[in-house]
Amino acid sequence: MEPSIDLNEIRDFLVELAKQAGELITSKTGQTTYDDKANSVDLVTETDAAVEKLVATKCNEKYPHFEFMGEESYVPGVTKLSDKPTFVVDPIDGTTNFIHSFPFSCTSLGFAINREPVVGVVYNPFLNLMYTGIQGQGSFLNGTHKLPLRQPPAGTKLTLQNALIGIEWGTQRSGVNYQVKTDTFKKLAAEDGKMVHGFRSLGSAAMNICAVAAGQLDAYWEGGCYAWDVCAGWVILAEAGGRIVGGNPGLWEPAVDQRIYLAVRGGDGCEQFVEDFWDCIEGRLEY
Ligand code: IPD
């Protein structure tokens, strides 16, 4: 790591920036129009672009030598996450929630060095949830509550049967990925399958990962999202004792832009849980 980079200063800067982004987001709630991207469930609003502009401008002003990668300025096939210090930003994660005024949208501000997430700030301005993490220094909710917030009862191993699992349907509603997801959901849910405690869809990858970091979800399985959806949450979860592995079987150390993930909380039984989850995946996700 470059010795001159002060990660605490970056965390503090991103926290202030997240608050400014939050003010902009909440000021536009209920009055935004939206456009389709890839299809009618892949949505974007003018506020996504406005928040990214705010965040990118402030990042470039304060840290002109760092790179910036954001969802709204991403150019497929051109934009690549490099080894350089890079802000990895989703201005509004949970855009569909934002459109519907469902209060689980957030700004996800990550910072990576050598493609490794080292600072994460995730702020949901509707519920005033500010998650922060710095590599090696722990992760927190609203500055003071150390993550995880919830520990499972003593002596309880994490198993599929006692798990509450975050899932998302995604924006592909046909084809192989849709088939793999829906077949796997059925196997995990069914009485003659694993009969997990339940599924939750918060509608935001960053919110799902932070819920795993908090110990409120046990895992979150996702295929199809991008580095900006996971970079900030990655540090927050790792510092809470959890980890992100591949969302297809066998990949224990995925890249942050690998697009297919399984986030798991820390604690007894977690490695076996990953193996058991992988065994339930019906086919292979391809993005
Ligand atoms: C989406 C959300 C969603 C996840 C998608 C993401 P957006 O981000 O995080 O939960 O399933 O893969 O694209 O579009 O709301 O920024």
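Whatever order the structure lists ligands and atoms in, that order sets their numbers, starting from 1.
Inspection of the S105 and N97 side chains reveals no N or O donor paired with an N or O acceptor under 3.5 Å. A donor-acceptor pair shorter than 3.5 Å can be found between the side chains of D48 and T95.
Residues passing the side chain to side chain donor-acceptor pair (under 3.5 Å) test with E168, sequence neighbours excluded: N208.
Within 4.0 Å of ligand 1, contacts by protein heavy atoms are made from E71, D90, I92, D93, G94, T95, E168, G203, S204, A205, E222, C225, D229.
In summary, R265 and D218 engage in a salt bridge, as defined by a charged side-chain N under 4.0 Å from a carboxylate O.
For residues 37-63, the set of pairs meeting the ring-ring contact (aromatic ring centres under 6.0 Å, His included) definition, not counting sequence neighbours, comprises F13-Y63, Y63-F66, Y63-F87. Pairs engaging residues 136-181 under the ring-ring contact (aromatic ring centres under 6.0 Å, His included) rule: W169-F185 [sequence neighbours left out].
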